[in-house]
Amino acid sequence: MVENPIERAQDQLFAAGKSGRQKYEELVVGRRGIGPLIKHELVVLAAQGRTGALGLALRKLLYPLLLGSCGRNVVFGHNVVLRHPHKIHVASNVAIDDNCLLDAKGETNHGIRIGNGVFIGRNTILSCKNGDIELADDANIGFNCEIFSASRVTIGRMVLMAAYSYVIGGDHDFSDPGQAVLEQARVSAGVSIGDGVWIGAGAKILDGVNVGSHAVIGAAALVREHVPAGAIAVGIPARVVGSRA
């Protein structure tokens, strides 16, 4: 279990002794200095909010300039937001739909890696709080999903994650009843989703869970314990009710 001291966003935004530019660089750009800042701002100004075919073409051309690496035939939808983009690595034939947020923020993490052939549906959030997220080849993430990592979250090959699903790779220590939960440490054991898993709409997979390859998670299930490979798990809390074998 990793204990990860992560500042609240409001504490970072209103910290004394730092200029607005320094705070923006730490929270959004991920690199200090006027050069990275200007480069980031020019790309965002030119491409992020552009609609239509021109916007698609500009993002395809300019977003790779900000990323750690970017393969061929990558489509970035309207208003795709990148934070700490130098720690975001995207392979080839990837589609990232409108209004997605890819946030690789952290001091010591590696960030976000997206494999070949991945689809990320609109309004979906990949959020690192000093953690890492890896989407393996051909994963399909539906719209309005969230994948959060305060240590490490891995999504296997050919995973189908339906709309409004959450993978929550982090938690809060609440062992001291005399303190607010926000004042206690964030902890994270990470989440691992095996190859070929189907996660039904609205399911929630909590920190510390491993879902074995080719398992099925029912719609709206709350998964807080490991699910074996090939198992079918449903309910709140989720329980194994069958096997695909």
Going through the distances and angles, do N116 and N93 end up as a side-chain hydrogen bond (donor to acceptor under 3.5 Å, both in side chains)?
-> CA-CA 6 Å; N116 291 299; N93 303 315; 5.5 Å; no
So which heavy atom on L58 is nearest to which on A46, and how close?
-> CD1-O, 3.4 Å
Within the side chain of Q184, is there an N or O that forms a donor-acceptor pair under 3.5 Å with the backbone of Q179?
-> yes
Do R83 and L27 touch side chain to side chain, with heavy atoms closer than 4.5 Å?
-> no
If you take all heavy atoms of V94 and I114, which pair is closest and at what distance?
-> CG1-CG2, 4.0 Å
Check whether L160 and V234 end up in the same hydrophobic cluster, where Ile, Leu, Val, Met, Phe, Trp and Tyr are linked by side-chain heavy atoms less than 4.5 Å apart.
-> yes
Are I236 and L206 connected in the hydrophobic side-chain network, where two residues link if heavy atoms are under 4.5 Å apart?
-> yes
Give, for atom CG of D98 and atom CD1 of I96, the distance between the pair rounded to the nearest 0.5 Å.
-> 11.5 Å
According to a 4.5 Å side-chain heavy-atom criterion applied to Ile, Leu, Val, Met, Phe, Trp and Tyr, with indirect links allowed, do V90 and L62 form part of one hydrophobic cluster?
-> yes
Can you tell me if K39 uses its side chain to pair, donor with acceptor, with the backbone of L65 under 3.5 Å?
-> yes
Checking N79 side chain against G49 main chain: does a donor-acceptor pair fall under 3.5 Å?
-> no
Just by modelled atom types, is the G200 backbone N or O under 3.5 Å from a matching donor or acceptor in the S165 side chain?
-> yes
Near E225 CD, under 6.0 Å, is it more than 12 heavy atoms from other residues, nucleotides or ligands?
-> no
Under 3.5 Å, is there a donor-acceptor pair between the side chain of N99 and the main chain of R122?
-> no
Considering only Ile, Leu, Val, Met, Phe, Trp and Tyr, and joining two whenever side-chain heavy atoms are under 4.5 Å apart, list the other residues clustered with V81.
-> L101, I125
Given the rule that I, L, V, M, F, W and Y join up when any side-chain heavy atoms are under 4.5 Å apart, are I193 and F148 in one cluster?
-> no
Which atom of V191 lies closest to which atom of V167, heavy atoms considered = CG1-CG1, 3.7 Å
Measure from the side-chain N and O atoms of D97 to the backbone N and O of G77, and report whether any donor-acceptor pair falls under 3.5 Å.
-> no
Examine distances only and state if a side-chain atom of R244 and a backbone atom of H214 form a donor-acceptor pair shorter than 3.5 Å.
-> yes
Check: I147 and M161 side chains under 4.5 Å, non-hydrogen atoms = yes
If you round to the nearest 0.5 Å, how far is CG of D132 from OG of S149?
-> 6.0 Å
Is any NZ, NE, NH1 or NH2 atom of the basic residue among R32 and E26 found under 4.0 Å from an Asp or Glu carboxylate oxygen of the other?
-> yes
Is there a donor-acceptor pair under 3.5 Å between the side chain of N140 and the backbone N or O of F119?
-> no
List the atom of G71, the atom of S92, and the distance in Å for their closest heavy-atom pair.
-> CA-OG, 3.5 Å
Side-chain heavy atoms of V74 within contact of P64, under 4.5 Å | no
If only atom types and distance count, is the side chain of K87 paired as donor or acceptor with the main-chain N or O of G30 below 3.5 Å?
-> no
Check whether any side-chain heavy atom of T124 lies under 4.5 Å from a side-chain heavy atom of C145, and answer yes or no.
-> yes
Are V28 and E25 side-chain neighbours, meaning at least one heavy-atom pair lies under 4.5 Å?
-> no
Interatomic distance, H226 atom NE2 to N210 atom CG [nearest 0.5 angstrom] = 4.5 Å
Please collect all ring pair (Phe, Tyr, Trp, His ring centres under 6.0 Å) contacts where either partner lies in residues 72-93, sequence neighbours excluded, each pair once.
-> Y63-F76
Residue Y24 excluded, over 12 heavy atoms near OH under 6.0 Å = yes
Which distance, rounded to the nearest 0.5 Å, do you find between the CD of E41 and the CD of Q48?
-> 9.5 Å
Indicate yes or no for a side-chain donor-acceptor contact from R59 to the backbone of R50 under 3.5 Å, with no hydrogens or angles considered.
-> yes
Side chain proximity check, L126 to I120, heavy atoms < 4.5 angstrom | yes
Verify the cluster assignment for V209 and L135: are they in a single hydrophobic cluster under the rule of side-chain heavy atoms below 4.5 Å apart?
-> yes
Where do G218 and A203 come nearest, in terms of heavy atoms and distance?
-> O-CB, 3.8 Å
Test side chain to side chain contact (heavy atoms under 4.5 Å, CB included) on L82 and L67 and set out the steps.
-> CA-CA 9 Å; L82 308 174; L67 297 175; 3.9 Å; yes
Measure across G178 and D176 and return the closest heavy-atom pair with its distance rounded to 0.1 Å.
-> N-OD1, 2.9 Å
Would you indicate whether the side-chain heavy atoms of D207 and I168 approach each other to under 4.5 Å?
-> no
